[in-house]
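Worksheet: one structure, shown below.
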Amino acid sequence: MNGEAPPRDEMLRALEAVLFVAAEPVSSTVLAQLLETDRGAVEASLARLAEDYERAGSGLVLRNVAGGWRLFSHPSASPVVERFILSSRHTRLTKAALETMAIVAYKQPVTRHQVAAIRGVNSDGVLSALVDRGLLEEVGRDEGPGRPLLFGTTPEFLERLGLASIGDLPSLAPLLEEPERDDASDVSEEIPIEPESDDGA
Amino acid sequence: MNGEAPPRDEMLRALEAVLFVAAEPVSSTVLAQLLETDRGAVEASLARLAEDYERAGSGLVLRNVAGGWRLFSHPSASPVVERFILSSRHTRLTKAALETMAIVAYKQPVTRHQVAAIRGVNSDGVLSALVDRGLLEEVGRDEGPGRPLLFGTTPEFLERLGLASIGDLPSLAPLLEEPERDDASDVSEEIPIEPESDDGA
Amino acid sequence: MSAMKEEGLSSRVGEFPVELPVFNGPFRLLAELLLDRTIDVCDVSVARVTERFLEHAEEAEGWSLEEATWFLAICAVLLEMKVGRLLPRPPRGEEEDLLGGSPDVAYARSLELAAFRRVGQWLREALADGARYHGREAGPAEEFAHLYPDLMERVTPEALAEAAAALLRPPPTLDLSHVAPIRVSVADALETVVAQLSQGRKKTARFRELVSDCREPIHVVVRFLALLELYKDGRVGLKQAKNFGEIEVKWKG
């Protein structure tokens with residue numbers, strides 16, 4: 001609020017223009033190539049742009065999601081924006097869907113069977129519904145017998161959550177509190193507590 | 001250039017957000033309705049926004065075109081924007097565009113609403129983009145209430161696909177069968193009908 | 001679920017006999033065979049087994065809490081296995097997992113699942129928050145449209161057909177052939193009852209008479225529902241002098 005930011009230079013302007021026309025997140029590597037500069041310079045400009053928006057009380061926000069940068073309308077404007085596009089993405093997900101999504105997010109790639117084993121119930125319907133919604137996708141096949149399909153999260157999943165990468169999910173460890181009993185403290189060590197997805201989504 | 005503009009208020013922010021997501025020019029009348037205010041207030045805000053952009057050296061421009069207001073990328077950024085578009089040439093048509101085109105191709109003539117109903121999401125932006133690209137076009141109006149526009153494919157669409165006529169598209173019928181599930185087909189063989197029981201489960 | 005493995009259970013529990021096309025013998029043994037998957041759960045009518053259990057309880061003049069609890073637990077597992085078979089399912093082996101394996105593994109799983117539930121709550125909030133951000137889908141203005149000559153480069157008619165089919169495909173149908181259907185309908189029963197009442201000279205009948213040709217309880221139930229329908233429409237009058245007494249039905253047309 002104090003002291004006006006200097007006018008954006010040519011590079012910043014080009015950056016903003018490209019982000020405006022892009023229909024998906026653009027990585028800083030791609031932006032650097034486009035602007036014939038290095039990633040460091042791009043990232044500094046991106047930070048400056050985000051700050052400018054905030055300072056000016058802009059209707060736009062710049063976010064780092066799903067491995068790239070993308071402009072979004074400001075969340076405080078969402079009621080008006082939704083009225084304008086006559087659709088809302090506020091989808092109510094069932095508890096089963098959230099549970100399934102959580103398991104896939106942390107354990108990916110997983111088979112239907114693994115999801116069902118953790119949830120204790122058949123989860124095929126929920127899985128396909130989440131695939132239909134573009135939140136999960138088939139990412140390959142397991143090598144095991146029957147070569148079952150493997151599921152993982154989509155870039156859209158990350159985008160909808162506002163996460164830059166799957167590693168930004170909250171750690172499971174603090175959530176692995178014991179339910180009522182306290183006689184099995186050694187068991188929790190056997191449970192993988194970090195997302196097992198270093199190999200990417 | 002001298003003296004910072006005060007931060008944009010809630011209305012200006014909403015205005016900017018709506019113009020940002022819009023795929024076409026939006027009239028000040030529509031904007032006034034959306035924001036529940038009068039056209040005068042909207043026009044003052046639009047002027048202020050255009051001025052803000054100019055002063056900040058923004059990569060965006062607000063222009064009054066063809067009966068409405070629309071955001072554009074700044075002309076000085078055109079070379080970079082063009083490079084960006086060309087560099088993403090190898091990326092496929094988005095899933096949304098492919099789906100929309102597929103529905104229009106097979107179900108034509110269709111209304112926006114029918115496309116949205118089949119895809120399960122608002123598809124207006126994608127539809128207009130495909131019309132802009134000359135792949136789809138308005139082919140008439142439905143007789144129903146509101147006489148909505150009907151969309152169909154263009155000769156260019158056929159040409160790009162190497163089809164002589166729309167009848168040369170592959171038949172959908174064989175594809176509409178259930179995707180095979182490894183264990184669904186044999187279930188009925190494994191599980192005999194219980195002949196003498198009226199209350200099987 | 002592991003109740004039957006417990007030592008403390010008296011050996012008499014579950015010893016009542018069941019006669020089924022696939023099995024003849026004590027239920028306890030049947031349950032073991034089912035859980036071991038030696039006998040297919042879908043070959044067994046749980047309802048029939050329950051009938052036998054109720055008969056058995058009556059014969060024994062009273063319920064043993066221990067046995068009733070055990071029986072309920074077993075039936076719950078059988079039904080869960082059966083439902084698992086009815087609905088589209090993951091590859092074989094799931095039933096074993098449903099039974100939990102060792103208690104340690106089961107406990108570890110419950111901890112893990114609890115954590116996933118908690119993180120599911122977080123996901124809900126993050127998604128709700130994320131839904132308020134709208135990205136721009138409109139792309140560049142028309143002036144750039146000429147730069148997209150290859151938009152259709154990789155699009156084949158086949159890809160288009162596959163995309164259309166995926167959206168237009170009807171949802172998979174469930175194979176319900178092994179759920180025994182109820183073959184009587186209230187509509188049919190209505191016809192029968194109206195015919196009987198309106199054609200007789202007396203225009204009255206006892207409920208007992210109206211169901212005299214019914215061989216199974218479900219048919220009696222459906223006749224009764226049909227009468228209630230007629231009563232609601234004012235086409236019959238119903239009179240019952242005392243609880244559990246005869247129901248007099250009078251045709252009003």
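Bear in mind that the values here come from a model prediction, so they are computed numbers and not experimental data. Values below: every heavy atom of this structure, side chains too, minus hydrogens, waters and symmetry copies. Chain identifiers are assigned alphabetically (A, B, ...) following the order of the sequence lines, protein sequences preceding nucleic acid strands; residue numbering begins at 1 within each chain.
Applying the salt bridge (charged side-chain N to carboxylate O under 4.0 Å, His left out) criterion to C:Glu125, with sequence neighbours excluded, gives no partner residue.
Here the rule is side chain to side chain contact (heavy atoms under 4.5 Å, CB included) with A:Val110, and of A:Asp142, A:Val115, A:Thr100, A:Leu136 only A:Val115 fits it.
Proximity to chain C (any heavy atom under 4.5 Å) is shown, for A:Ile103, by both the backbone and the side chain. Contacts between A:Leu127 and chain C at a heavy-atom distance below 4.5 Å are absent for every atom of the residue.
Residues A:His113 and A:Thr111 have side chains that never bring a donor and an acceptor to within less than 3.5 angstrom of each other.
In terms of heavy-atom pairs under 4.5 Å with chain C, the best-connected choice from A:Ala23, A:Ser128, A:Ser73 is A:Ser73.
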Name every donor-acceptor pair, under 3.5 Å, that has one atom in a side chain of residues 56-64 of chain A and the other anywhere in the protein, sequence neighbours excluded.
residue : atom : partner : partner atom : Å
A:Ser58 : OG   : A:Leu60 : N            : 2.9
A:Ser58 : OG   : B:Glu16 : OE1          : 3.3
A:Ser58 : OG   : B:Glu16 : OE2          : 3.4

